[in-house]
2 protein chains.
Amino acid sequence: MSDITRMAAVAALLGDPARARILTALLDGRALTAKELSFAAHVSPQTASGHLARLTGAALLAAEKQGRHRYFRLAAPLVGQMLESIMAVAGPEPPRTGTWRGGEALRTARTCYDHLAGRLGVALADSLQAAGHVALAADGGEVTDSGMIFLRDFGAEPPPGKRVYCRPCLDWSERRPHIAGRLGAALANRCLELGWIARQRDSRAVTITPGGESGFAGRFGIRLDR
Amino acid sequence: MSDITRMAAVAALLGDPARARILTALLDGRALTAKELSFAAHVSPQTASGHLARLTGAALLAAEKQGRHRYFRLAAPLVGQMLESIMAVAGPEPPRTGTWRGGEALRTARTCYDHLAGRLGVALADSLQAAGHVALAADGGEVTDSGMIFLRDFGAEPPPGKRVYCRPCLDWSERRPHIAGRLGAALANRCLELGWIARQRDSRAVTITPGGESGFAGRFGIRLDR
DNA sequence: CGGATGCTACGGCCGCCGCCGAAGCGTCCG
DNA sequence: CGGACGCTTCGGCGGCGGCCGTAGCATCCG
């Protein structure tokens, strides 16, 4: 199979509207379940399942099983860039600022459901691990005793609930884990409460406020190079 | 029609092997006739005609009529970049140096049929025009008296023949014209003869030799920033 | 354990599209 | 002017693939 045949095969996958909707729904780096994607694609779950199988088979998507759900995400940043480049050609409005609306901002810091992702989310996970407050494994995560104290002190004690307490969530743009679960949500909420971060309109990107810059640096030793 | 639908439509165009072959055949910036493209695509001229109509309709290709031929070329550099980005995802060998094999070299200097294109080819055309040796218009080009003298002196007097003497050829990567026709061929041949440029194996890229650096600078005032 | 839920495998229907042969139109050339 | 050539349009054929209904397997929960 030649280069060109392979390229045509990939392009043919992108050429179906349902698959295109699936891929663009994942463009912001979230991982979504098969059912959510079938809704986004406007097709039945069976049809979506077939599409998802082909997309993962071609290594455009990566799948992770979690309980009875299967979460799909873009397999690589290159895939997102490819989609953006096609949109650049297809779009009637060529010159959006930058390569993509808010693309860079999304990569810096964004929400993933209710917790933090992007460079900020990953840095937060790194910091907590380095301090020995949490320990992330492939299939879950644990909070140490010192971590419990730290969280109470920080004001990010997760409320009780049935949802998983702490688990890693692979970050699309960084290819490294950030923290999800009740703990991830509590951390994000506390950062919002403190005014360290602010949501943006019509986007999952979040901005780091001046207060956040010093707060993340002081508490977590995080300094994101701009 | 939404963004996503448009993107899927473009991707679907790229998804057919025949059309993919047509586009990649044009990737180096040449303009080819419908028949040549039908051969490159491994389909009959009728079939290729249909594909070409759809590709130009979607503004992926641009067509120019010339006598009884129609020359097709990529409509914009963005189209080439899109193809490269898809190849980057589709390719089994992910990390080629740079974005594409020899892409940068091709943009610097390459052959287009038998004449020079790329930054070098455009600079050559600019220099000859600035000196009043040639005058390029949209549909053709003329050589002045001083140009005739200059060419004889340089040793690039085109041999007689039926082929058009001098015409502009729109450069893909530069979006500006370089010189084609018997004159373009004679210039390229003379530069090769002088050892100013050298062909590369398995590529239309040409390298500028040290002698060429000083030669192009001295005779034409050309200095290509690396 | 039984029902609900999420996902996948299979089968059949149907429409789209790529393909080529035949034919028509414009251009070049002797 | 007539023939050769390049390109396009039209028509019909055939196959690929998207779609969903049905059914089966795994998981969660009361």
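No hydrogens, no waters, no symmetry mates; every other heavy atom, side chains included, goes into these values. So that the names make sense, note that chain A is the first sequence line, chain B the second, and so on, each numbered from 1. All values derive from a computational prediction rather than experimental measurement.
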Reading nucleotides 9-23 of chain D from 5' to 3' and marking B where a protein heavy atom lies under 4.0 Å of the base, S where only the sugar-phosphate is that close, and - otherwise, the string is B--------SSBBB-
Identified side-chain contact (heavy atoms from CB on, under 4.5 Å) partner of A:Leu55 from the options A:Leu23, A:Val79, A:Leu37, A:Leu26:
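Output: one option passes, namely A:Leu23.
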Is any side-chain heavy atom of B:Leu32 closer than 4.5 Å to one of B:Tyr71?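 No - every pair of side-chain heavy atoms lies 4.5 Å or more apart.
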What is the separation between atom [atom1] on [X] and atom [atom2] on [N], rounded to the nearest whole Å?
{"X": "B:Phe39", "N": "D:dC5", "atom1": "CZ", "atom2": "P", "answer": "18 Å"}
{"X": "B:Leu37", "N": "D:dC7", "atom1": "CG", "atom2": "P", "answer": "9 Å"}
{"X": "B:Leu14", "N": "C:dG18", "atom1": "CG", "atom2": "P", "answer": "12 Å"}
{"X": "B:Leu52", "N": "C:dG18", "atom1": "CG", "atom2": "P", "answer": "13 Å"}
{"X": "A:His69", "N": "D:dC29", "atom1": "NE2", "atom2": "C1'", "answer": "12 Å"}
{"X": "B:Glu36", "N": "D:dC7", "atom1": "CD", "atom2": "C1'", "answer": "13 Å"}
{"X": "B:Leu61", "N": "D:dT8", "atom1": "CG", "atom2": "C1'", "answer": "16 Å"}
{"X": "A:Arg68", "N": "D:dT27", "atom1": "CZ", "atom2": "C1'", "answer": "6 Å"}

Please determine, for the side chain of [X], which listed nucleotide ([options]) has the closest atom?
{"X": "A:Lys65", "options": "C:dT27, D:dA26, C:dG6", "value": "D:dA26"}
{"X": "B:Arg70", "options": "C:dG6, D:dT8, D:dC7", "value": "D:dT8"}
{"X": "B:Ala34", "options": "C:dT5, D:dT8, C:dC7", "value": "D:dT8"}
{"X": "A:Phe72", "options": "C:dT8, C:dC28, D:dC7", "value": "C:dT8"}
{"X": "B:Thr33", "options": "D:dC7, C:dC7, D:dA4", "value": "D:dC7"}

Can you tell whether the side chains of B:Arg190 and B:Glu157 come within less than 4.0 Å, N to carboxylate O?
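Judged by the 4.0 Å cut-off on N to carboxylate O distance, B:Arg190 and B:Glu157 do not form a salt bridge.
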Show the atom names and distances, to 0.1 Å, of all donor-acceptor pairs under 3.5 Å that link a side chain in residues 7-21 of chain B to residues at least two apart or in another chain.
unit_1	atom_1	unit_2	atom_2	d
B:Asp16	OD2	B:Ala18	N	3.1
B:Asp16	OD2	B:Arg19	N	3.2
B:Arg19	NE	B:Leu13	O	2.6
B:Arg19	NH1	B:His51	ND1	3.1
B:Arg19	NH2	B:Ala12	O	3.3
B:Arg21	NE	B:Ala41	O	3.0
B:Arg21	NH2	B:Ala41	O	3.3

* Does the side chain of B:Thr144 come under 3.5 Å of the side chain of B:His133 through a donor N or O and an acceptor N or O? ->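 No - no donor-acceptor pair under 3.5 Å links their side chains.
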### Message
Can a side-chain donor-acceptor contact be found between A:Thr33 and A:Glu36 if the only test is distance below 3.5 angstrom?
### Response
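Per modelled atom types, A:Glu36 and A:Thr33 side chains form a pair under 3.5 Å.
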- Message: Under the rule for side chain to side chain contact (heavy atoms under 4.5 Å, CB included), what residues qualify as partners of A:Ala130, not counting sequence neighbours?
- Response: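 By the side chain to side chain contact (heavy atoms under 4.5 Å, CB included) rule, A:Ala130 matches no residue at all.
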